[in-house]
Q: 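Next up is a structure, given as structure tokens.
A, B, ... follow the sequence lines: proteins, then strands. Residue 1 opens every chain. Computed from a predicted model, the values in this text were never measured in an experiment.
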Amino acid sequence: MDITSIIAPLNDAQREAVTAPSQAMLILAGAGSGKTRVLVHRIVWQIQVNGLSPQSILAVTFTNKAANEMRGRVENLLDSSASSMWIGTFHGIAHRLLRRHAEQARLPKDFQVLDSNDQQRLIKRILADLKIDDKELPAKEVQWFINEKKDAALRSFHLVGNEDKNTRRFLRIYQEYEASCERSGVVDFSELLLRVYELFRDNDNILQQYQQRFSQIHVDEFQDTNHLQYAWLTLLSPNRDNIFVVGDDDQAIYGWRGAKIENIYNFKDHYPTHQTIKLEQNYRSSGAILKAANHIIANNKSRLGKELWTDLPDGEKISVYGAFSDVDEAKYVVDRIRSWVEEGNKRVDVAILYRSNAQSRQFEEQLMLTKTPYRVYGGLRFFDRAEIKNALAYLRLLANRHDDASFDRVVNTPTRGIGLKTIDELRQLANSQQISLWMAAQFLIEQKLLPNRAGNALFYFLDLIEQLAAKTAELPLGEKVQIVIENSGLMAFYGQDKVEKSAEKIENLKELVNAANLFKMDVNSDADISELSEFLSHAALESAESQANEFDDCVQLMTLHTAKGLEFRLVFLVGLEDGLFPSQQSIYDAGKLEEERRLCYVGITRAREKLYITHAEKRLLYGRETPASKSRFLRELPSELLEEVRPKREVSRPMTAKSSNFSITNLPKEMQSESSYRLGQRVEHESFGAGVILKMEGEGKTERALIKFSDDSRWLMTLYTKLHVI
DNA sequence: TTGTTCCAGCTTTTT
DNA sequence: GCTGGAACAA
């Protein structure tokens, strides 16, 4: 046994964490401080030094990517397969447990997973059935409510008798939703976790089996765990002495999705014999970048407290560019990328990070204009595309006729003459009899209760599914998928000329066949289910990114949320404006604002060598031009770390009287306004102090001026603002 | 029943 | 500015 390879690459704090005795351990790992490394080395340490068997290791993450990376690195260090370890996402592990114990969890053997889109569709349908106006009660809100309750381990019957008016409004829908899922044999994401929690809670023998099996429990990104995930861990570790959690409260950015940052704050109290180790040495970023990050996050009040440091030199200052518009901002960024590439650097090392997806457009446009290869993350994922979901819905119907969500989706896709009226009738019957749509359809056909045309069309559809099922029953998965796509008419449907991007859709369908061909059953899955069911679950649980271009040399575009866990040599943090980042909805809520600040901290710490921060004075928002001002986060950064980059094309520097005269006379006519103010004029505002007029727009009532004050520029309506010309 | 046009609405999204 | 859904006409 060679322990040097396990501990040699570690610094003191990391080594202390890895070699600590078995107990409750909280590793507070700052950005770039080697948290995955600590987890990986800890697992290998437990096996090679403490002699634990791989089966006794449980390691949970939030993303498939993180789980795969961890498994790979463990295998590397261990130099053997880690396939007998349970390393996976919370949802993946829940799924595996439920397959194993479907009966005790009161689930059908071949239950399927409903992703959040499916869930929303189902809720919409229920709202329609209950004649509730979608405008009055948006499906999204109901979905949010249901998931929130499930995350708190509350089923609809727990809420019966609840006096809260808001709760009563949702209760009926929640009940219908539960019943519908039950009938269809499907579980949504929250349900996966809740079922496992109930399985453990109600079946002592099963719980004990896993308590004994998992002698060491490892949790990644602990700050993102929700109530249910935490409850799970508590059940699995009754003595609270064998749990090794890694997290960073400063990077908790999923509170809006139910993550409970309190889980990490309260760890000390809930795990009395715990040890906390802080990893504060950062191996990623330059000194200047780290100082900025520390500075920002220090403004948050509720923190466990950590300060990153580095051996690396300060490096370049952070460049700040105040653009005139979103277009100007994009041009600037793309121009900087161009020189970066000209200096011989790679595009893959560059990331443009923004707060909301809509911001990517301007950058894409400029990148396209300059023919710079780029890749936008977080768009539609492969398994989320409509054509793929349709194909999967057919396959799901083959596996389970009573899957209402799938039935609903493809009964008339491609169109085959089954219209709203017929479907309405189906729903009514299904509702009143509490049966599946499939059964309702059978009944209506048998009893000849439908007009001829509709009845025939519906019969044709049921027959199609039965035929497909019979025909493909014995075929390998890939061929099954192939035949279903062909015979369902989907291939022909998407092949029509009038379908937009038809070539791409056909490609995707082919790719699905390909994926099915390559799909291998989980060797460890001892559950007795078909390959098809397993493939369908895989599609729901691992909605993999579209694979293409991954290895090309492209500039990376993504939201700040997506960027968590990644690093780039060169980072552009764009759109640092109040209302955008921090987002408008967060500005007046102290808690939300702190989460936004953590997001900013995450963004800054993605950069290794050089960070650019940009903001624009106006931008197109929802197709409308909107003025914007510098983000409070940008103003929180100390000026000695920053280097203001002056805009090139228009007046921006405060000018002396001499130079201002000069520049005004040289301005094109249309820019010389009739108003009492002029470009370059020095003015005084009663609260903002002295400033210089940089830009004018509009006239009369709509006239506004962009004025640069000592610490900020703002647009002011000249008619309504008292300005004294100096 | 199907295809078109018009209108409201809009963060972030691991599973 | 783009999307999804509802209200229309064919």
Side-chain angles (χ1 to χ4, degrees), chain A residues 60-68 88-95 113-121 124 128 133-135 138-140 143-144 147 151 187-193 220-221 224-226 228-229 253-259 326 353-362 365 377-381 383-384 386 412-424 451 453-454 457 498 537-545 558-566 575 579-587 592 595-596 598-600 602-603 619-625:
Chain A
V60 276
T61 63
F62 280 84
T63 66
N64 290 300
K65 198 171 156 206
N68 293 336
T89 62
F90 275 100
H91 293 86
I93 282 167
H95 175 249
V113 181
L114 214 58
D115 71 24
S116 25
N117 288 324
D118 299 336
Q119 185 187 35
Q120 202 178 86
R121 281 178 73 105
K124 275 192 181 153
D133 189 4
D134 192 69
K135 283 203 182 60
K140 236 180 161 179
Q143 182 179 29
W144 197 77
N147 289 338
D151 285 348
V187 294
D188 60 46
F189 286 139
S190 310
E191 183 76 24
L192 281 169
L193 300 176
D220 190 19
E221 307 278 17
D224 289 339
T225 49
N226 67 22
L228 213 45
Q229 288 156 341
I253 55 175
Y254 286 107
W256 52 276
R257 266 181 51 171
D326 45 356
L353 307 182
Y354 36 79
R355 177 66 238 268
S356 74
N357 284 308
Q359 287 170 262
S360 75
R361 261 197 74 239
Q362 295 298 348
E365 242 159 65
Y377 283 73
L380 257 192
R381 271 176 274 237
F383 287 112
D384 283 340
N412 199 33
T413 314
T415 49
R416 48 173 73 87
I418 302 170
L420 277 154
K421 192 129 184 275
T422 314
I423 295 172
D424 239 26
R453 222 164 97 182
K498 58 184 173 184
S537 303
H538 168 84
L541 287 169
E542 299 192 31
S543 47
E545 289 275 342
M558 65 188 86
T559 64
L560 287 154
H561 283 89
T562 311
K564 188 166 84 151
L566 305 176
L580 230 199
F581 187 30
S583 81
Q584 195 59 46
Q585 292 94 318
S586 309
I587 282 178
K592 284 185 184 165
E595 183 153 307
E596 296 273 321
R598 293 194 289 269
L599 195 56
C600 185
V602 167
R619 71 170 60 238
L620 229 49
L621 220 59
Y622 308 134
R624 196 168 283 263
E625 196 168 88

Q: Is there aromatic stacking of W256(A) against dT12(B), centre distance under 5.5 Å, plane angle under 30°?
A: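 One would call W256(A) stacked on the dT12(B) base.
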Q: Report yes if at least one side-chain N or O of K124(A) is closer than 4.0 Å to OP1 or OP2 of dG4(C); otherwise report no.
A: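 So the side chain of K124(A) is outside the cut-off, no N or O lying under 4.0 Å from OP1 or OP2 of dG4(C).
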Q: Between G417(A) and S586(A), which has a closest nucleotide on DNA chain B that is more 5'?
A: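 The 5'-side residue here is G417(A).
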Q: Taking only N and O in the side chain of N357(A), is any of them less than 4.0 Å away from OP1 or OP2 of dT12(B)?
A: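 The answer is yes; a side-chain N or O of N357(A) sits under 4.0 Å from OP1 or OP2.
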Q: Classify the side chain of R355(A) and the base of dT11(B) as holding, or not holding, a donor-acceptor pair under 3.5 Å.
A: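 Result: no qualifying N/O pair found.
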Q: Looking for any heavy atom pair under 4.0 Å, which part of the strands does E596(A) touch: base, sugar-phosphate only, or nothing?
A: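 Touches a base.
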Q: For F90(A) and F62(A), take the angle between the two ring planes, folded into 0 to 90°, and tell me which bin it lands in: parallel under 30, tilted 30 to 60, perpendicular over 60.
A: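 If you compare the ring of F90(A) with that of F62(A), the planes turn out tilted.
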Q: Classify the ring geometry of H561(A) against W256(A): parallel below 30°, tilted from 30° to 60°, perpendicular beyond 60°.
A: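 Correct class here is perpendicular.
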Q: Using a cut-off of 4.0 Å on non-hydrogen atoms, how would the nucleic acid contact of T61(A) be classed: base, sugar-phosphate, or nothing?
A: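 Contact class for T61(A): none.
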Q: Can you find a side chain N or O atom of N412(A) that sits less than 4.0 Å from OP1 or OP2 on dT1(B)?
A: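 No.
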Q: So which nucleotide from dT15(B), dT13(B), dC2(C) ends up closest to the side chain of R361(A)?
A: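 Per side-chain heavy atoms of R361(A), the pick is dC2(C).
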Q: Which nucleotide in the list dT11(B), dT12(B), dT15(B) gets nearest to the side chain of F189(A)?
A: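 Closest nucleotide to the F189(A) side chain: dT15(B).
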Q: Mind telling me whether dT11(B) is syn or anti, cutoff 90° either side of 0?
A: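 Chi for dT11(B) falls in the syn range.
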Q: Across the strands shown, which category fits I253(A) at heavy-atom distances under 4.0 angstrom: base, sugar-phosphate, nothing?
A: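 Nothing, no heavy atom under 4.0 Å.
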Q: Both T415(A) and F62(A) contact DNA chain B. Which one's nearest nucleotide lies toward the 5' end?
A: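 That would be T415(A).
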Q: Taking only side-chain N and O atoms of T562(A), does any of them lie within less than 4.0 angstrom of OP1 or OP2 on dT13(B)?
A: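 For dT13(B), OP1/OP2 do have a side-chain N/O of T562(A) under 4.0 Å.
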Q: Salt bridge between R361(A) and E365(A), side-chain N to carboxylate O under 4.0 Å?
A: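 A salt bridge links R361(A) with E365(A).
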